[in-house]
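Beneath this line is the structure, given in structure tokens, with notes to follow.
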Amino acid sequence: MTTKRSRSLSSAAADSNAPQNGIASLLSPKAQGKRRVTTSSPPPHVGAPPNRLIIAIDLDSFYVSASRLLDPSLIGQPVGVKQKGLLATCSYEARALGVRKLSTVRDALRRCPALILVDGEDLTWYRRLSAKVWRLVRGVVGPWDGKVEKLGLDELFVDVTEMVDAHIRGREEGKTREDAGRVFFQVAPDSEPEAGFWYDTLGKPIGHVLPLDSHASSSEDTPSSTYRSRLILTTHLALHLRNLIHSQIGLTTSAGIAHNKVLAKLVSSRHKPAKQTLFLPRSAEDVVRFLDDEADVRAIMGFGGAIVSKMRESLGATSSEAAANDDASPPLSVSLARKAFPLAHLTTLFGPRLGIRLHGLLRGLDDEEVAPTPLYPLQISIEDTYRGLKGQEVVAEQMRLLAASLLRRLEGELMGSGAGMLSSEPGKAEQMEKQDDRGKWQRHDMPLFLPGEQGNITGKEAPISDQKVIVRCYRERESDPSESSTWQRYPLTVRLSIRHGWGKRTSRSTAMPLDIFDVRTLSRRERAERLAGVLMGLLLRGGPGQGQGQGQISGEALLGGEGLNLINIAALNLATRRPAAQPLRTFFDAGGGGAARQKRDSVDMETLLQLPEDIRREVAAQYGIVLEEQEAVVGAEQESRLDTGCEEDEDDALWDDLPPIPAMDPSSPANIASSSLVCSHCGVAEAPWLQHDHARWPIYGVPAVLLGSATASEGSGA
DNA sequence: TGGGGTCCT
DNA sequence: AGGACCC
């Protein structure tokens, strides 16, 4: 591809050590390296033009627009989408009334009492819509090897270099349709010749152009394949993509077009909403001048809080200024950053790799590729925040709720028929629910892109605690996994992250219990129970060096001080194939042997529970089954089948009839013993939720490898 | 002061 | 496992 493109461009070598003058310095170091092989050295000021064509697309106030698709009565209103105490985003009507993005709900309401609040804590709907946009764009550029990268839920990077150059090539070969000074950009390879758009050959860009005088001053006659013409053509393609997103999904977008990601993104936010901007520099000086318009270096993607804080600190040391607080201090401007931080300074502060990168970014150099977002994510996590959650029962209860929602997401996003996410083709109705006046969830099919035609729909309005305010709330309809649906990815690892009242996050991970994949034989409640048990084990395990001796639980985590502020559960390490059974069950199996797991799978749980108690216990022990758990689960399931007719309709009622996870009090061993099995390896009796991890951490804080082949007496520290 | 994600060390 | 970045 590089060679193809190099032929049609005035390709020229640009040594990466050459002074960064003229257009040559627009090139990223990487691109320079690639192209260097093609020709001999050019004058430094007329190097090859940058050759990538990047579109950054930003969905305008995404959560608000998405909410308006569900509830057209929000159109034209000042709307804030809240997550707990914070406004994730707000509508432009709200911004006109003084509401700011990321302000507190309290603050926003003070400024704008008429603000309509929408609950945005459940991301299901936004996630679906976001994926739909991604698929739509990828469907257009994908056939030409175009790459689409999702950044969060509301931004896309699109690399259309191949696509645009292929069109130009076709045009030069006379293969395009032309009519009265216009050319048809055919967007589908061959199958749909009508898919595409017409553009005029005058070389006029669509939308805004920066720098302001750039386009006017370059009216020279240039071949269509110069980088300026290619960028201008790209603005037409950007408009086409934005029109598709608007017509097929009903969302407006802003976009930036430039030759790299960082500039495309910067420029995309210069004109919002529903506008696009092309960055068309004539020289490196143009780039630097543009960047110097930014009063805050943080506007450049890659300069985050920690980096800027460190830079300011370093600056303060030399300019004898107080190393002030992070937020209170004035922003660091791009021009000051560039002047005050030569390459050597940056590499000293941040290491060679990051230092070089930051140095380039300050000059608009960015060689970061558009990394195609894979069909399946690398991790899926859910989290919730609390105000000092403490007490084992309370924590365990939340753990079960979180485990259940994680499983719901895993089923929704990792199961399918093989093509992945079939449930959500463009144009197909999304099945959502909203609450009626009485708080009952009602079906509400959402045909996309018909805003305003739903009549007067009002979501259920719930008061939030201290404010006399209503919050509108929507949720996804539960869909039953079809018979043909199977797991497409298997998370091998589960990670628990928590935050204590004061500090930072800490996390621990362990193997995912394989039971969660048994959607056919186990209800979600059962699987959630298993997962929650594993997570409680993770929570109580404590890190190495903590809670030694008596199997002492690091109880401060649950009981002490401020309690938990945040719980996050992540499924990661997503494998394409179902993993082999873990030896965790057999570890506790009295008879040992790898066959135990298979035998256990063949046990009919309901049949087992019919047996007389003594026999039941014996069989259960042999198969590594925790009886109390199974009894409770099966019992609850039968009960709920009896009176509801088996639909899992009410989320809230789902857990009411479940017994709590047995209390894990190390000071009462009897309690443990009554609901646990004894490890055949070291003899310790473990509560159900501690069994999973026991193989790795037989005694709290003591790794298994240090124990050697412990006897029962050595191992039973509890 | 949210509920997510990615990559690097 | 943690820390940085992104939204």
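By convention in this document, chain letters (A, B, ...) are assigned in the order of the sequence lines, proteins followed by strands, and residues within each chain are numbered from 1. Computed from a predicted structure; not experimentally measured.
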Check: What does K265(A) touch in the nucleic acid at a heavy-atom separation under 4.0 angstrom: a base, only the sugar-phosphate, or nothing?
Finding: sugar-phosphate
Notebook entry, point to check: Do L241(A) and I55(A) touch side chain to side chain, with heavy atoms closer than 4.5 Å?
Noted result: yes
Notebook entry, point to check: Out of dG3(B), dA4(C), dT1(B), which has the shortest distance to the side chain of I307(A)?
Noted result: dA4(C)
Margin query: Within the 4.0 Å heavy-atom criterion, would you say E383(A) contacts the bases, only the backbone, or no part of the nucleic acid?
Written below: base
Margin query: Categorize G302(A) for me: base, sugar-phosphate, or nothing, with a 4.0 angstrom heavy-atom threshold over every strand shown.
Written below: sugar-phosphate
Next item on the list: Taking only the side-chain heavy atoms of T506(A) (C-beta and beyond), determine which of dG2(C), dT1(B), dG3(B) contains the nearest atom.
Entry: dG2(C)
Margin query: Test of understanding: with side-chain contact (heavy atoms from CB on, under 4.5 Å), list the residues that count as partners of S61(A), not counting sequence neighbours.
Written below: V64(A), S65(A), T89(A), Y92(A), R95(A)
Nucleotide N/O to protein N/O under 3.5 Å, stretch nucleotides 6-9 of chain B:
residue : atom : partner : partner atom : Å
dT6(B)  : OP1  : L378(A) : N            : 3.2

Next item on the list: Under 4.0 Å between any heavy atoms, over every strand shown, what does A306(A) touch: base, sugar-phosphate, or nothing? Just pick one.
Entry: sugar-phosphate
Margin query: Using a heavy-atom cut-off of 4.0 Å across all strands, would you classify F303(A) as base, sugar-phosphate, or nothing?
Written below: sugar-phosphate
Check: OP1, OP2 of dG3(B) versus side-chain N and O of T385(A): anything below 4.0 Å?
Finding: yes
Checklist line | Among dC7(C), dG5(B), dG2(B), the one nearest R127(A) by side-chain distance | finding: dG5(B)
Next item on the list: Could you give the distance separating dT1(B) and dC7(C) at their P atoms, to the nearest angstrom?
Entry: 22 Å
Margin query: Strictly distance-based, threshold 3.5 Å: is any side-chain N or O of R495(A) a donor or acceptor partner for the main-chain N or O of S509(A)?
Written below: no
Notebook entry, point to check: Where the side chain of L123(A) is concerned, which of dC6(C), dA1(C), dG4(B) is the nearest nucleotide?
Noted result: dG4(B)
Next item on the list: Scan T104(A) against the nucleic acid and name what it touches under 4.0 Å (heavy atoms): base, sugar-phosphate only, or nothing.
Entry: nothing
Margin query: Students often get this wrong, so: under 4.0 angstrom with heavy atoms, is R409(A) touching a base, only sugar-phosphate, or nothing?
Written below: sugar-phosphate
Check: Can you name the residues that form a side-chain contact (heavy atoms from CB on, under 4.5 Å) with N573(A), not counting sequence neighbours?
Finding: L492(A), T493(A)
Next item on the list: Using a 4.0 Å heavy-atom cut-off across all strands, classify L153(A) as base, sugar-phosphate, or nothing.
Entry: nothing
Checklist line | Nearest-neighbour nucleotide for the S381(A) side chain, dC7(C), dG5(B), dA1(C) considered | finding: dG5(B)
